[in-house]
Amino acid sequence: MERKVEYDVTSPEAIEQYAQGLVGKSFREVMPEAVENVASKGNLGTLLEEHYFGYSPNSNAAPDFPEAGVELKVTPYKKLKRGKRYSAKERLVLNVINYEEVVKETFDTSSFYHKNQLILLVNYLWQEGLERLDYPITHAQLFQFPEEDLKIIKDDWNVIVDKVKAGQAHLLSEGDTNYLGACTKGANRYSLREQPYSDELAMQRAFSLKGSYMTAVLNEYILNDIKTYRKLVPALHEQTLDQWILEKMNAFHGISTTELARMFELDSKAKSRYALLASRMLNGSFDNAEKSDEFQKAKIKLKTIRVGKNGKLKQEMSFPAFKYTEIVEETWEESELREMFETTRYLIVAFRENEHEEFVFDKAVLWNMPIQDLDTQVRAVWEETVLRIREGRADQLPKKSESNVCHVRPHGRNKADVYPTPQGGYETKKCFWLNKEYLLDVIEA
DNA sequence: GCATGATCATGC
DNA sequence: GCATGATCATGC
């Protein structure tokens with residue numbers, strides 16, 4: 001491929017320096033002549049490749065700048081509604097997973113690592129209502145995975161590849177892994193591919209860095225926010241992050257909450273006291289493990305549950321309330337609920353009641369909603385919910401008796417805590433709840 | 001005892 | 001002041 005460029009394409013630093021010329025400009029300003037010709041077709045990354053960096057886009061296994069080993073990635077971030085903080089707007093989609101080939105690779109020789117070990121990140125600020133060519137490009141810099149992250153990414157890659165080797169490519173989900181995910185990539189859910197160890201067709205998927213991981217990268221390396229996240233976990237060698245978390249917690253099996261409170265010098269009657277204990281069990285210097293570097297990047301949520309003397313869960317599990325006016329505008333595929341269950345991992349910490357009506361730490365489980373439950377049973381409840389809200393029946397949403405997995409119930413400060421309905425009225429805030437019988441199966445599996 | 005409605009309380 | 005995780009309360 002011939003390039004007519006005015007920078008040294010064999011040098012990562014030279015490429016980065018050339019890319020710095022983008023900073024402070026919008027896409028339109030960077031390539032005015034191209035924009036006129038092509039109108040606004042093509043994605044922003046492709047446009048920059050062609051009209052700024054001067055090469056034709058390819059889908060090679062090699063990085064975009066092969067001589068320098070640099071892969072170009074153009075990615076948006078946004079300002080959060082409250083406060084001044086920023087987050088990545090999207091996951092960062094890397095190369096498509098070739099199910100047939102990936103099972104023959106090891107991480108170190110993988111096409112994933114070959115292509116993505118050194119990334120030139122070009123960040124632009126997405127803004128509501130702005131035409132996409134007018135988004136300002138604010139940063140352009142080289143990014144390499146920090147050593148601790150690379151270890152976790154390598155383990156994630158292995159989890160994904162092992163699932164393909166087990167003939168379960170059709171069951172892959174982003175929530176299976178911590179930093180590196182297998183996200184869907186294709187025109188729609190009919191973009192299916194064959195897999196080597198099963199006759200089931202699987203959705204086309206790509207390796208991607210989770211949105212939560214990209215938010216951390218943005219704040220830590222791009223915006224240089226000094227308030228970075230603290231590490232929860234020591235350097236990992238033999239163990240995976242999952243193993244470390246579970247082994248660390250499960251060492252406390254059988255210890256009562258009274259005893260744990262004494263061990264960690266915690267005197268609290270708050271509802272969150274079990275969550276506080278769980279965080280201390282992981283790392284004595286943490287009040288909330290969710291705030292750690294690792295949990296933030298992997299989007300791991302801590303959930304505590306109590307199992308009663310009768311072996312049943314005390315309560316169902318709640319999730320954030322939805323807005324009636326927003327949920328009716330969604331389709332299942334791009335719904336907030338689906339996105340949440342697809343991308344979030346849950347560290348479920350179970351306390352079990354003993355004969356003295358005292359709660360004892362039983363076990364911790366890392367769980368994410370299986371894609372087959374999500375796209376069948378949860379989907380049905382979600383669709384029924386949306387249907388009833390559209391019909392003006394926001395006061396009659398799916399009850400527990402209507403599904404084995406989840407239902408809808410109030411979730412506000414009190415019944416006067418309301419959200420507007422599409423019809424112009426108001427209804428008590430509600431959310432989706434996971435049925436406790438379903439959850440019991442999860443922790444006992 | 002359970003389903004469903006209602007509310008508490010922390011932390012941002 | 002509100003969102004959210006967690007729990008309580010009521011009535012069948």
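Both backbone and side-chain heavy atoms feed into the values below; hydrogens, waters and symmetry mates do not. Note that this is a predicted model, so its numbers are computed, not measured. A note on names: the letters A, B, ... follow the listed sequences, proteins ahead of strands, and every chain is numbered from 1.
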**Q** Using only heavy-atom distances, determine whether the side chains of A/Asp108 and A/Thr106 contain a donor-acceptor pair under 3.5 Å.
**A** no
**Q** Can you find a donor-acceptor N/O pair under 3.5 angstrom joining the side chain of A/Ser318 to the base of C/dA6?
**A** yes
**Q** What are the residues of residues 424-434 of chain A, sorted by number, that bring a heavy atom to within less than 4.0 Å of DNA chain C?
**A** A/Lys429, A/Trp433
**Q** Strictly under 6.0 Å, is that where the ring centroids of A/Phe319 and A/Phe341 end up?
**A** yes
**Q** Can you check whether A/Lys415 has a side-chain N or O nearer than 4.0 Å to OP1 or OP2 of B/dT7?
**A** no
**Q** For residues A/Gln396 and A/Arg388, is any side-chain donor paired with an opposing acceptor at under 3.5 Å?
**A** no
**Q** Within the pair A/Arg413 and B/dA6, is there a side-chain N or O less than 4.0 Å away from OP1 or OP2?
**A** no
**Q** For A/Asp373 and A/Tyr438, does a side-chain donor sit closer than 3.5 Å to a side-chain acceptor?
**A** yes
**Q** Does a side-chain N or O of A/Lys399 approach OP1 or OP2 of B/dA3 to a distance below 4.0 Å, or not?
**A** no
**Q** Among C/dT7, B/dA3, C/dT4, which nucleotide has an atom closest to any side-chain atom of A/Pro320?
**A** C/dT4
**Q** Any idea how A/Phe207 and A/Trp157 line up, ring-wise: parallel (<30°), tilted (30 to 60°), or perpendicular (>60°)?
**A** parallel
**Q** Let me spell it out: for each of A/Asn310 and A/Val408, pick the nucleotide of DNA chain B with the closest heavy atom. Which residue's pick is nearer the 5' end?
**A** A/Asn310
**Q** Does a salt bridge link A/Arg205 with A/Glu174, judged by any charged N lying under 4.0 Å from a carboxylate O?
**A** no
